[in-house]
Amino acid sequence: MTAIGWIQIILYCAIVVALVKPLGWYMTRVFNGERRTFLSPILRPVEAGIYWIGGVDERREQHWLTYTVAMLLFHVGGFLIIYALMRLQAVLPFNPAEQSAVAQDLSFNTAISFITNTNWQNYGGESTLSYLVQMLGLTHQNFLSAATGIVLAVALIRGFSRASLRTIGNFWVDVTRCTLYILLPICVVYALFLVWQGMPQTLGPYVDATTLEGAKQTIAVGPVASQIAIKMLGTNGGGFFNANAAHPFENPTALSNFVQMISIFALGAALTNVFGRMVGNQRQGWAILAVMGVLFISGVAVTYWAEANGTTALHALGLAGGNMEGKEVRFGIVASSLFAVITTAASCGAVNAMHDSFTALGGMIPLINMQLGEIIVGGVGAGLYGMLLFVVISIFVAGLMVGRTPEYVGKKIEAREVKMAMLAILVLPLMYLGWTAVAVVFPPAVASMANAGPHGFTEVLYAYTSQTGNNGSAFAGLTGNTPFYNITGGVAMFVGRFFMIIPAMAIAGSLAAKKLHPASAGTFPTTGGLFVGLVVGVILIIGGLTFFPALALGPIVEHLAMNANTLF
């Protein structure tokens, strides 16, 4: 660990925090329907035209159940589009590499993956998919799944901010405004920046080259920049190339790497400010961001320490100076460690180093981040509504401590909200622990494991954790492109996304119908250090009871083995 490394981490955090207020201010105006944004003169006619074509009345709001059903139907359509594109790929245009149709089970897994904002990839993008599928299928859903996460968070915020109302907004209006006014404008500028940094953006065919040794090599290119921009901004993680952000065409320079890391956290962090503005107290948003910050910095410190120090087994081989295995030399240990924590905290499966090559404890932090529901900033929108579920539980605990009905931002937290919050939280370990238990005893699934023992167990646990948490990163070493893993992984992604959303929307509807109650002498304070500590404590307690016992089996046993010379 070096001073320069910590300066990079501090600089990163400072820039993200500096973006919170301006982005939060702008996003609040967009979702409140305020016309006077600097993009309104250009985009308002386009927005109105979309409503006219879709038959949407933007003034008509929806009950939480109608809002949720609209969202689900929207994703059914997205699934069918991606599945059809992959199955018909061989006969569709923009296929210069003449890619064949994608197998049924892989098409199913990939379609579920991209509509749930997971972007798990059991395929190599440049060797499996055509330009048309990458653009019309995957990039298209990168925008819409990210927009969905954001608008669901906003719908839950409205539940806290409104009083005595039965509606939480209009899904079609929210997702249109989010895409038009937030995601698309940023991505246009972002993609141009990436092209400037050296990222391809072309519909031309793959390039044949002759190496210095005289060998023939085919270099894959394509419409890369346009996909990577929304991949990072929308915390999707679905890369154009199999190597993802470790590929020089997806991440050409140290500057592009740093900007990509900032873009992953930018909108998710800003949504905490949107929450504060909509409930009429920005300090509430800063308190939630502080909870995320405590967990994030803790994870970065452990990962950076573990990777910078390596293990006694590596030192015995003469590999001093930290664990560089699987890491891009151009990024180094600190950037790779920071990237790993960011992407697994923010539900973004992009990787610039193989998590399989991290030390045991360094690789455990990404697992912790994902198993907590990726609430540390999290996927755009998903991180905030996931964190608010933990806040509901925390306020319930605080209410019991002070002996009165729990309240948060003027809303009473009662049995219905607590039950829905626990239902949403506990569905996650049910999926990844359940499927892991099946996989490690099912012979065809065991055959896909490249390693035995605790490392192989971690490969399987990581895969289902990543898919259930809608992250999409892989530990590597596991052959996931089999019917078993494609089908069970698809189920895990679907349940992990939508079985968490439905209870969250039920909470939004319940809260919106309640009256606002002014704070009193008995109200638990929710903007100071006591509140931050309470929420962090509840998160770790729930994690300790439901996630960490299983989590510890693989990485901790492996850490003990790798450091046996020191420990025993």
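To the nearest 0.5 Å, atom OG of residue Ser466 and atom CH2 of residue Trp120 are 5.0 Å apart. Considering CG of Asn119 and CD of Gln467, their distance stands at 11.5 Å, rounded to 0.5 Å. Between Glu307 atom CD and Ser336 atom OG the span is 8.5 Å, to the nearest 0.5 Å. Atom NE2 of His63 is separated from atom OG1 of Thr68 by 9.5 Å, given to the nearest 0.5 angstrom. In this structure, Met370 CE and Tyr462 OH are separated by 4.0 Å, a value rounded to the nearest 0.5 Å. Separating the CG atom in Asn257 from the CE atom in Met232 is a distance of 8.0 Å, to the nearest 0.5 Å.
The distance between the ring centers of Phe498 and His75 falls below 6.0 angstrom. Between Tyr83 and Phe108, a ring centre-to-centre spacing not shorter than 6.0 Å is recorded.
Between Phe275 and Phe160, the two ring planes are perpendicular [angle over 60°; tilted spans 30° to 60°]. Using the six-membered ring where Trp is involved, Phe499 and Phe494 have ring planes that are perpendicular, over 60° apart on the 30 and 60° scheme.
When atom types are taken as modelled, the side chain of Glu250 and the backbone of Phe240 share a donor-acceptor pair closer than 3.5 angstrom. A donor-acceptor contact shorter than 3.5 Å is absent between the side chain of Thr436 and the backbone of Leu433. A donor-acceptor pair under 3.5 Å is formed between the side chain of Gln89 and the backbone N or O of Ser100. Not one N or O on the side chain of Asn470 forms a donor-acceptor pair closer than 3.5 Å with the backbone of Thr118. The backbone N or O of Met261 lies less than 3.5 Å from a partner atom in the side chain of Tyr12, making a donor-acceptor pair. Although no hydrogens or angles enter the test, the distance criterion places a donor-acceptor pair under 3.5 Å between the side chain of Tyr485 and the main chain of Ala445. Panel note: side chain Gln121, backbone Asn242; no donor-acceptor pair is recorded below 3.5 Å. Put simply, the side chain of Thr468 never gets that close to the backbone of Thr465: no donor and acceptor are under 3.5 Å apart.
Closest non-hydrogen pair, Thr488 versus Tyr464, comes out as OG1-OH, 2.7 Å. Shortest non-hydrogen contact noted between Val151 and Tyr67 is O-OH, 3.3 Å. Among all heavy-atom pairs drawn from Ile297 and Cys13, the shortest one is CD1-SG, 3.7 Å. Taking every heavy atom of both residues into account, Cys178 and Ile150 meet most closely at SG-CD1, 3.7 Å. The nearest pair of heavy atoms linking Cys187 to Leu233 is SG-CD2, 3.7 Å. When all heavy atoms of Met493 and Thr116 are compared, the closest pair comes out as O-CG2, 3.8 Å.
In this structure, Ser448 and Phe484 have side chains that are not in contact, with every pair of non-hydrogen atoms separated by 4.5 Å or more. Considering only heavy atoms from C-beta on, Asn236 stays 4.5 Å or farther from Phe143 through its side chain. Side-chain contact between Leu511 and Ile413: present, with at least one pair of heavy atoms (C-beta onward) separated by less than 4.5 Å.
None of Thr110, Ile82, Leu85 except one satisfies the side chain to side chain contact (heavy atoms under 4.5 Å, CB included) rule with Val133; the exception is Leu85.
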*Stepwise, does the side chain to side chain donor-acceptor pair (under 3.5 Å) test hold for Asn95 with Ser130?*
CA-CA 5 Å; Asn95 187 7; Ser130 69; 4.8 Å; no
